[in-house]
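Read the structure below first, then the notes.
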Number of protein chains: 2
Amino acid sequence: MDIENAIAALNNPIRRRILEWLKDRSNFPPALPEHADLEGVCVGYIQEKAGLSQSTVSNYMGLLKQAGLVTAERHGQWTFYRRNEANIQVFLKAVQDELSKT
Amino acid sequence: MDIENAIAALNNPIRRRILEWLKDRSNFPPALPEHADLEGVCVGYIQEKAGLSQSTVSNYMGLLKQAGLVTAERHGQWTFYRRNEANIQVFLKAVQDELSKT
DNA sequence: TCCATATATCGAAATATCTCGATATTCATC
DNA sequence: GATGAATATCGAGATATTTCGATATATGGA
């Protein structure tokens with residue numbers, strides 16, 4: 001958990017929005033039947049929702065992953081991204097500890 | 001309290017460090033006798049501690065102020081900056097609300 | 001009024017980020 | 001092994017940030 005990378009990754013409204021969307025799978029189209037049991041959302045769905053180019057969204061997800069805010073799992077030709085809830089909490093605690101006075 | 005500006009202001013290790021230093025007045029040289037009753041730290045002291053140019057530090061403090069993380073008070077030729085604890089808490093709450101899942 | 005001090009603002013060069021289209025890689029299917 | 005689909009990586013132009021020195025502004029004192 002790198003607070004430096006995490007803040008940089010969060011310093012962009014669309015990346016923050018993606019993290020919010022990923023809170024709820026129902027923000028995206030239903031998974032394909034063969035993916036019904038898998039967690040996370042594929043890049044294509046995120047791209048469609050964000051309205052940015054494929055390469056930009058892939059890059060964004062890479063930044064979020066490098067920051068530890070999401071995890072990636074490959075299944076066939078798809079990469080499924082989902083929030084890393086534990087690390088997000090670690091980050092929030094770290095920011096709170098750094099910013100709070102006492 | 002603008003979460004957008006605040007994250008941008010915090011996306012810099014020295015600005016975050018300045019906010020930490022400002023938690024405790026004793027991180028800086030003692031105030032001049034005529035300022036003994038005033039809150040906050042003047043730009044010169046912050047500059048000295050940060051080891052950056054005067055214009056850079058003035059710019060940094062302006063960014064932190066615009067983000068609502070500090071307040072500025074002019075007294076004579078000095079500007080005294082101090083943390084805006086209330087807004088910092090508001091910011092922390094906002095980030096928590098935006099990032100936390102539930 | 002003139003000068004020194006503290007801070008703010010300006011202009012610019014170096015670097016980083018954003019965002020894209022093009023290309024490469026990976027994997028499933030025929 | 002050729003093809004198509006999903007994703008990653010590359011290279012580049014546009015824009016933003018960093019940081020500085022120089023200059024402007026404000027204030028207090030001789």
Side-chain angles (χ1 to χ4, degrees), chain A residues 2 4-19 22 28-35 38-67 69-82, chain B residues 2 4-19 22 28-35 38-67 69-82:
Chain A
D2 178 10
E4 190 70 38
N5 280 342
I7 291 181
L10 292 172
N11 188 28
N12 177 294
I14 299 182
R15 286 196 293 266
R16 289 202 303 279
R17 203 104 64 81
I18 291 172
L19 275 183
L22 288 176
F28 301 93
L32 299 176
E34 64 264 37
H35 299 144
L38 298 177
E39 303 256 359
V41 178
C42 67
V43 175
Y45 285 180
I46 300 171
Q47 178 196 346
E48 191 181 345
K49 188 133 179 146
L52 293 170
S53 75
Q54 187 271 322
S55 61
T56 296
V57 173
S58 180
N59 175 30
Y60 278 15
M61 299 317 294
L63 293 173
L64 289 169
K65 182 186 168 199
Q66 190 182 339
L69 298 168
V70 303
T71 61
E73 223 172 313
R74 259 246 156 180
H75 286 276
Q77 25 187 179
W78 290 273
T79 304
F80 293 85
Y81 284 95
R82 65 175 142 158
Chain B
D2 179 9
E4 191 70 37
N5 279 343
I7 291 181
L10 293 171
N11 188 29
N12 177 293
I14 298 182
R15 285 195 294 264
R16 289 202 303 280
R17 203 106 64 81
I18 290 172
L19 275 182
L22 288 176
F28 301 93
L32 300 176
E34 65 264 37
H35 298 145
L38 298 177
E39 303 256 358
V41 178
C42 67
V43 176
Y45 285 180
I46 300 170
Q47 177 196 348
E48 192 180 349
K49 188 132 180 147
L52 293 170
S53 74
Q54 187 271 323
S55 60
T56 296
V57 173
S58 180
N59 174 32
Y60 278 15
M61 298 317 294
L63 292 174
L64 289 170
K65 182 187 169 199
Q66 190 181 340
L69 298 168
V70 303
T71 61
E73 223 172 312
R74 258 247 158 179
H75 286 275
Q77 27 187 176
W78 291 273
T79 304
F80 292 85
Y81 285 95
R82 63 174 144 159

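Numbered from 1 within each chain, the chains take letters A, B, ... in sequence-line order. All of these numbers come straight from a predicted model, not from anything done at the bench.
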Between [atom2] of [N] and [atom1] of [X], the distance in whole Å:
X: Tyr45(A); N: dA5(D); atom1: OH; atom2: P; result: 15 Å
X: Tyr60(A); N: dT7(D); atom1: OH; atom2: C1'; result: 17 Å
X: Met61(B); N: dT9(C); atom1: CE; atom2: C1'; result: 17 Å
X: Ile14(A); N: dC20(C); atom1: CD1; atom2: P; result: 8 Å
X: Ile18(B); N: dT18(D); atom1: CD1; atom2: P; result: 12 Å
X: His75(A); N: dT7(D); atom1: NE2; atom2: C1'; result: 15 Å
X: Phe80(A); N: dT7(D); atom1: CZ; atom2: P; result: 8 Å
X: Leu63(A); N: dT9(D); atom1: CG; atom2: C1'; result: 13 Å

Give a yes/no answer on whether the side chain of [X] brings an N or O atom under 4.0 Å of OP1 or OP2 in [N].
X: Arg15(B); N: dT18(D); value: yes
X: Ser53(A); N: dC20(C); value: yes
X: Tyr81(B); N: dA8(C); value: yes

- prompt: Can you find an N or O donor on one side and an acceptor on the other, under 3.5 Å apart, linking the side chain of Gln54(A) with the base of dA6(D)?
  reply: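 By the distance-only test, no, there is no pair.
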message: Just verifying a value: how many Å separate Tyr60(A) OH and Ile18(A) CD1, rounded to the nearest 0.5 Å?
response: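 Reported value, rounded in 0.5 Å steps: 7.5 Å.
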query: Hey, what do you get for OG (Ser58(A)) to CD (Gln47(A)), rounding to the nearest 0.5 Å?
result: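 Output value for this atom pair is 9.5 Å.
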- request: Please figure out whether Val41(B) or Asn12(A) has its closest DNA chain C nucleotide nearer the 5' end.
  value: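 The answer here is Val41(B).
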query: When you match Gln77(A) and Asn11(A) each to their closest nucleotide on DNA chain C, which lands nearer the 5' end?
result: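 Its nucleotide being nearer the 5' end, the pick is Asn11(A).
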Which of the following nucleotides, [options], is nearest to the side chain of [X]?
X: Trp78(B); options: dC20(D), dT7(C), dT9(D); value: dT7(C)
X: Leu52(B); options: dT19(C), dC20(D), dA8(D); value: dC20(D)
X: Ser55(B); options: dA22(C), dA26(D), dG21(D); value: dG21(D)

message: Quick check on Lys65(A): does its NZ atom have over 12 non-hydrogen neighbours (other residues, nucleotides or ligands) under 6.0 Å away?
response: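 Atom NZ in Lys65(A) is not packed in, count stays at 12 or less.
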- request: Have a look at Asn59(B) and say if it touches a base, only the backbone sugar-phosphate, or nothing, with a 4.0 Å heavy-atom cut-off.
  value: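 The answer is base, as Asn59(B) lies within the cut-off (heavy atoms under 4.0 Å) of a base atom.
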- prompt: Contact class for Thr79(A) vs. all strands (heavy atom < 4.0 Å): base, sugar-phosphate, or nothing?
  reply: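 Sugar-phosphate contact only - Thr79(A) comes under 4.0 Å of backbone atoms but never of a base.
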Arg82(B) side chain to Glu39(B) backbone, donor-acceptor under 3.5 Å: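 Not confirmed, Arg82(B) side chain does not pair with Glu39(B) backbone.
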query: Within a strict 4.5 Å, meaning less than it, do heavy atoms of the Arg15(B) and Leu63(B) side chains meet?
result: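 Yes - at least one pair of side-chain heavy atoms lies under 4.5 Å apart.
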